[in-house]
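Predicted, not measured: the structure shown is a model, and the values here were computed from it.
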Amino acid sequence: MTRRPPAVLPPAARTPRRRCLAVAGTATAAPRRPHRDANPAPRPMARPRPCRPRLNRRTPRRRCLAVAGTATAAPRRALRLCLAAALMLAAAAALCLCPPAASAAESPPQKSLPLPADAIEKLFTLFDLNADQSLDADEQIVLHQHLAVMFGEKAAPIVQLVLEAADADHDGRLALAEWQRLMGAALRRDGRKETVRVPMSDGVSLAADVCLPEGDGPFPVLLMRTPYGRQDALGRVFALGGYTVVVQDMRGRFDSEGENLPFIGCGWTPHADGAETVQWIRRQPWCNGRIGTVGASADGITQYLMAGARPEGLAAQYVVVAAPSLYHYAAFVGGALRKEQIEGWLRGHRFDPQAFELYKSHPTYDDFWRQFDSVAQMQAPPPPGAPPAPCPPAVHLGGWFDTFSQGTIDAFLARRRAAPPAAAAGQRLVMGPWSHEVGVARVGDLTFPRAAGVPQAYTPLAWFDYALKGAANAAAKAPTVMYYVMGDAADPSAPGNVWRSADSWPPPCRETPYYLAPDGGLAPAPPPAPAAGAPAFREFTFDPADPCPTLGGRNLNIPRGARKQNRIEGRTDVLVFTSAPLERPLEITGRLRARIFISSSAVDTDLSVRLSDVYPDGSSYLMADGMLRLRFREGFDRARPLEPGRVVAAEVDCWSLSLILNKGHRLRVAVTSSNHPRFDVNPGTGRPPAEGETPVRQTNRIWCGGDYPSRIILPIPPAPAAAPPPPAAK
């Protein structure tokens with residue numbers, strides 16, 4: 001019997017652990033050392049960032065405070081708020097960071113944080129703007145904004161989790177007594193931690209840290225499996241909430257044995273490390289039988305794969321910005337290789353070099369990739385005579401600009417379809433205007449109001465208190481779906497920029513085509529028939545040596561989000577179609593797709609479709625996009641070359657969003673044949689890029705109107721019913 005090659009696939013993040021988990025309160029320090037078997041590789045040069053004070057490895061806290069205190073002539077109260085933010089971060093660091101494990105099972109005693117006792121109360125009162133002895137939701141938002149300005153966007157999610165741990169009754173209001181209790185625990189560094197070896201069925205042992213809360217137990221357990229080094233997890237925050245926290249190095253990473261290949265042991269084959277770890281936890285005296293999992297990015301991917309193994313005892317999950325199918329959301333989109341994401345993540349985190357080679361050898365969706373597709377696995381029927389497999393309730397948390405955006409939605413929908421009605425009701429979906437860093441209001445060139453932080457009812461501790469402890473809190477009553485409707489970020493009175501709830505996804509909508517016209521127009525009516533002899537198409541030539549660059553969007557390692565597109569929209573290989581200024585606001589909520597009629601001079605080419613919101617000043621901001629490699633237009637499990645010169649219909653999936661374009665704005669669709677370096681460049685040969693093979697130029701025609709009505713199909717909700725007129729006066 002031929003042995004299946006070891007499984008591998010890059011998920012989502014080249015960045016150090018600190019950046020990958022800078023999501024929903026899971027960000028911390030970088031891995032404490034490279035993997036012992038890794039081959040050192042040079043890291044790509046970081047993109048220059050704006051000069052601003054931020055707390056990171058290269059800038060000591062004292063220097064950040066000096067810059068923050070002297071760079072501007074801020075009012076006295078603003079400076080006091082800055083000082084409060086600094087002290088709070090110090091307390092958060094003392095609370096959150098599990099110390100490195102000692103060689104013995106028990107870690108050495110820790111020193112107390114040198115913070116004056118009266119500073120605990122001062123931290124609270126400085127942000128208590130209305131002096132009512134509590135921090136309401138608005139005051140906590142002010143706190144987040146100051147932290148983001150002072151220390152960078154990654155600080156705010158950490159503090160949100162700390163505040164949630166303090167809010168013992170999860171009512172969204174933090175009382176002074178709750179604050180004092182949390183800060184006292186932070187200063188004492190309460191909690192017990194030990195390092196253990198968890199045996200797998202094939203003889204490999206995996207390293208794990210166990211953080212125990214106060215008390216005798218047993219307790220509900222939260223499991224975090226990570227490739228980034230287990231000291232990075234915020235185990236002490238969850239332990240303060242009354243949970244045992246198990247943080248495990250994945251197979252082949254850091255102190256765990258096995259092959260250094262990503263996700264090889266996370267699913268149901270060829271190993272089931274996640275499921276076996278759950279069974280090991282159930283046998284421990286500190287476990288009460290209720291087990292949840294938590295984590296973001298790669299730590300979320302391993303949760304989806306674990307759920308596909310359906311381990312008994314897995315009672316709840318909290319999955320943040322993760323891919324449920326590695327082929328469709330992490331490695332490829334539309335059949336095109338996600339170049340910057342895969343190369344950056346594998347090399348940046350020093351996985352075995354054979355991982356990338358194994359990946360490149362599987363360009364189609366085949367059996368290799370099916371073992372990493374939890375969507376298909378969750379929907380597969382059980383064997384004959386077997387009872388329905390468990391489907392744990394879960395929060396699926398994502399962002400419209402996240403690199404795995406559609407994967408978050410599809411995982412939620414797959415669980416809803418696969419589970420019995422009672423279990424399906426346990427699924428929650430939260431989509432904000434975020435990229436891979438959840439809870440950050442600024443994304444690309446736009447800042448969205450009321451977008452800092454995760455809605456209170458969907459935060460991790462609220463969710464697990466409900467799902468694992470049975471608490472009748474806000475999470476118990478939370479709507480199934482919570483999503484943010486983006487709007488004009490420059491106009492405070494514009495419609496949108498609000499959170500909405502729904503019972504399902506997508507909300508009711510009408511699929512409305514907007515047609516591409518030969519003159520560059522974009523309208524809900526088909527273009528008129530061209531005059532005799534006039535072309536019904538627009539043409540461009542794509543040169544693989546000069547691909548159209550990536551400017552924002554759903555990226556991982558390169559600048560992401562809603563970024564201006566103006567400088568690429570004038571390229572000769574980019575066709576732009578723009579609507580007239582809108583006479584009234586236009587809402588788009590749901591999944592977008594473009595149906596394009598195209599002919600090419602080559603046997604293969606790409607279709608890159610980008611949708612922008614054009615503001616009245618002409619600024620064109622990318623809001624959604626899609627990609628399709630045309631040889632996969634009939635399915636990702638097979639390739640079919642083009643016949644040069646023949647018109648074919650191709651459907652490009654542009655994923656989902658919720659956006660209201662304001663009155664006076666314009667809708668724009670840009671079509672080209674590359675989006676580099678997010679995706680690799682299509683050589684036009686009908687085969688993957690290969691060394692020594694000369695790419696070919698591709699002359700492509702986009703057909704418009706008549707028999708070939710190219711269009712983008714927008715999900716437009718029905719207009720709200722008009723209010724009845726007031727009764728006539730008597």
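- Between Val652 and the choices Asp625, Leu630, Ile712, Val609, the side-chain contact (heavy atoms from CB on, under 4.5 Å) rule is met once, by Val609.
- Using cut-offs of 30° and 60° on the angle between ring planes, the pair His396 and Tyr304 is parallel.
- By the 4.0 Å N-to-carboxylate-O rule, Asp613 lies too far from Arg668 to be salt-bridged with it.
- Ring planes of Trp505 and Tyr483: perpendicular class, angle over 60° (limits at 30 and 60°).
- Across Gln341, Arg678, Glu340, a single residue satisfies side-chain hydrogen bond (donor to acceptor under 3.5 Å, both in side chains) together with Thr403, and that is Gln341.
- Under the side-chain hydrogen bond (donor to acceptor under 3.5 Å, both in side chains) rule, Asp653 has a single partner from His328, Arg591, Gln406, which is Arg591.
- Using cut-offs of 30° and 60° for the angle between ring planes, the Phe368 and His362 rings count as parallel.
- Judged by the 6.0 Å distance and 45° axis criteria, Arg638 is not positioned over the aromatic ring of Phe632.
- Under the 6.0 Å distance and 45° angle rule, Arg666 does not count as a cation-pi partner of Tyr615.
- Ring pair His436/Phe404 is perpendicular by interplanar angle, where above 60° counts as perpendicular and below 30° as parallel.
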- Please assess Asp367 against Arg370 for the test salt bridge (charged side-chain N to carboxylate O under 4.0 Å, His left out), listing each intermediate value before the final yes or no. CA-CA 5 Å; Asp367 286 343; Arg370 289 185 180 93; 2.9 Å; yes
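- Cation-pi contact between Arg560 and Phe401: absent, since separation from the ring centre below 6.0 Å together with deviation from the ring axis within 45° is not met.
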